[in-house]
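Step one of this worksheet: look at the structure below.
Scope of the values below: all heavy atoms of this structure, side chains included, with no hydrogens, waters or symmetry mates.
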Protein chains: 2
Amino acid sequence: MNVQRTHAAEPDLAAVARLLADGTRAGFCLALLDGRAWTVTELARHRGVAVSTATEHLNALVRGGLLAEERQGRHRYVRLADSRVAELIENLAAMAPGRSTPPRSLSATGRRQALAHARTCYDHLAGTVGVAIAEAMTARGLLDWESGLRLTGDGNAWLGELGIAVPADTRRSAVRPCLDWTERRPHLAGAVGAALCRHAFTSGWITRIGATRAVTVTAAGRQAFRHHLGLPDDLLSRKRE
Amino acid sequence: MNVQRTHAAEPDLAAVARLLADGTRAGFCLALLDGRAWTVTELARHRGVAVSTATEHLNALVRGGLLAEERQGRHRYVRLADSRVAELIENLAAMAPGRSTPPRSLSATGRRQALAHARTCYDHLAGTVGVAIAEAMTARGLLDWESGLRLTGDGNAWLGELGIAVPADTRRSAVRPCLDWTERRPHLAGAVGAALCRHAFTSGWITRIGATRAVTVTAAGRQAFRHHLGLPDDLLSRKRE
DNA sequence: GTCATGCTTCGGTACCTGCCGAAACGTCCG
DNA sequence: CGGACGTTTCGGCAGGTACCGAAGCATGAC
């Protein structure tokens, strides 16, 4: 009873969309774009809703296949199910109208600036820095945008020099453009984008700002990005105006 | 008043998703995936809702930027706004769970089979035939799936031999995989996929079945696909079991 | 054991939205 | 002009759902 009347041969598009059609659930997914696992309570506080409400939303998202969960003791960790879901959310966000309301509080402004400068996007780098990296790699002939994005032979060699191993995943494409919703220009996603981001963390080139998705480029990072990609220092350090 | 409370720096994902979260609106979009412009009344009948209801849904979709409209006299034609919207809908559909209910009526079965065999998907070819074309092109070295889909030099030459001109659109990638929701394997989208489909129509290789998205491969088409791609005849003509 | 913590379940309320039919508004045609 | 047709607007109804607080249930700490 009460089964949604659907045309036989068509996929149930609406069922998936309905999961993201609520502001709170969408906010959860955007938060989870940082690629980490969050607890129910963390997400509830993040959006300012009761924990019970968050539980119900997360149930729906897990049941719908968008989120994966992991239970540890009395904690329930949720994360995006896979990179396909992350891509879907990115695409949807890119389709949304620009900033809806200008930020009100000063702290919100600062938070916004930090995110716009450099942040993680699911498992790779985004923001001004992320876009700059992608463009520098293109300028140096490591990436080729001719008829679809592709890693060149030089690009492969470059990864090897840096000691970055890219796991061979047949399901996931090596390089993929991801539209930045602050820069409106693409940055580098895909297996290579993820490996590069992981390498930057483990090498101490970047560090997270608190528990947010925003990251800072360290002194070591500035040197590395200058040396390996020719990126200027002032672009990598956050401007204060 | 009643403005959705949204976090300052985040795009309004939910607003876009909400447009597709309704079965009727989603059905409209799936119908519009054939790339043609439909009238309000046609869409209303297609989904079995009152015309007034369809009007309201279409208003929302146009206001949200998913659909574009064109007024001609007392008719209002709507179509998908651009290929980015088509891609988004395809991705969402690919995420949806498989067939929900088995087809009931015989005519529905026939319609489903015809669609599964060969159909247009926005502006390119899908279904068994669409997938076969993509795979044959890969086998012949016209497409390269290594680290993202790419058109090879041979592929470019092949298009030239056929007299297919691909409009240079910097915003749209030349070749793009599009996951087929009947075959569960990718077929060829992007500017090349569209140009190839257009060429197939104008050369009389394929024709539409009535006013649906389903297409038939003509005798001329069978010969062309055999000659240019080595596709066997029996794969191109619809099986009747 | 007892207590704190994280999560879930369960009513109940308020709101939103999809739907329709009727009436009004255009445009085209005879 | 008048009638047909495609579309839009407007109440009003019905169903769905996001939200909360309170109570219950685990797990881990003491």
Please determine whether a side-chain nitrogen or oxygen atom of A/Arg71 lies at a distance below 4.0 Å from atom OP1 or OP2 of C/dT8.
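For C/dT8, OP1 or OP2 has a side-chain N or O of A/Arg71 closer than 4.0 Å.
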Determine: side-chain N/O of B/Arg76 to OP1/OP2 of D/dT8, distance under 4.0 Å, yes or no.
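Yes, such a contact exists.
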Heavy atoms, side chains only, cut-off 4.5 Å: are A/Arg79 and A/Trp38 in contact?
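They are not in contact (no side-chain heavy atoms under 4.5 Å apart), so the answer is no.
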Salt bridge flag under 4.0 Å for residues A/Arg176 and A/Glu90:
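A/Glu90 and A/Arg176: salt-bridged.
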I need the [atom1]-[atom2] distance between [X] and [N], as an integer number of Å.
X: B/Glu70; N: D/dG6; atom1: CD; atom2: C1'; result: 17 Å
X: B/Leu61; N: C/dT17; atom1: CG; atom2: C1'; result: 14 Å
X: B/Leu20; N: C/dT17; atom1: CG; atom2: C1'; result: 16 Å
X: B/Leu58; N: D/dT9; atom1: CG; atom2: C1'; result: 15 Å

Drop me the distance from B/Asp22's CG to B/Phe28's CZ, to the nearest 0.5 angstrom.
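It is 8.5 Å, given to the nearest 0.5 Å.
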What's the separation between atom CG in A/Leu13 and atom CZ in B/Arg25, rounded to the nearest 0.5 Å?
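Taking CG in A/Leu13 and CZ in B/Arg25, the distance rounds to 12.0 Å.
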If only side-chain N and O atoms count, and only distance matters, is there a donor-acceptor pair under 3.5 Å linking B/Thr216 with B/Arg208?
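There is no such pair (donor and acceptor under 3.5 Å, judged by atom type) between the side chains of B/Arg208 and B/Thr216.
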Using a 4.0 Å heavy-atom cut-off, write out nucleotides 18-30 of chain C from 5' to 3' as B (base contacted by protein), S (sugar-phosphate only) or - (no contact).
SBBB-----BS--
Of all the choices, C/dT9, D/dT9, D/dG6, which nucleotide is nearest to the side chain of B/Asn59 once you look at every atom?
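The answer is D/dT9, which lies nearest to the side chain.
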Listing, residues 190-202 of chain A side-chain donor-acceptor contacts under 3.5 Å, not counting sequence neighbours, or none:
residue  : atom : partner  : partner atom : Å
A/His199 : NE2  : A/Ser203 : OG           : 3.4
A/Thr202 : OG1  : A/Arg198 : O            : 3.2
A/Thr202 : OG1  : A/His199 : O            : 3.1

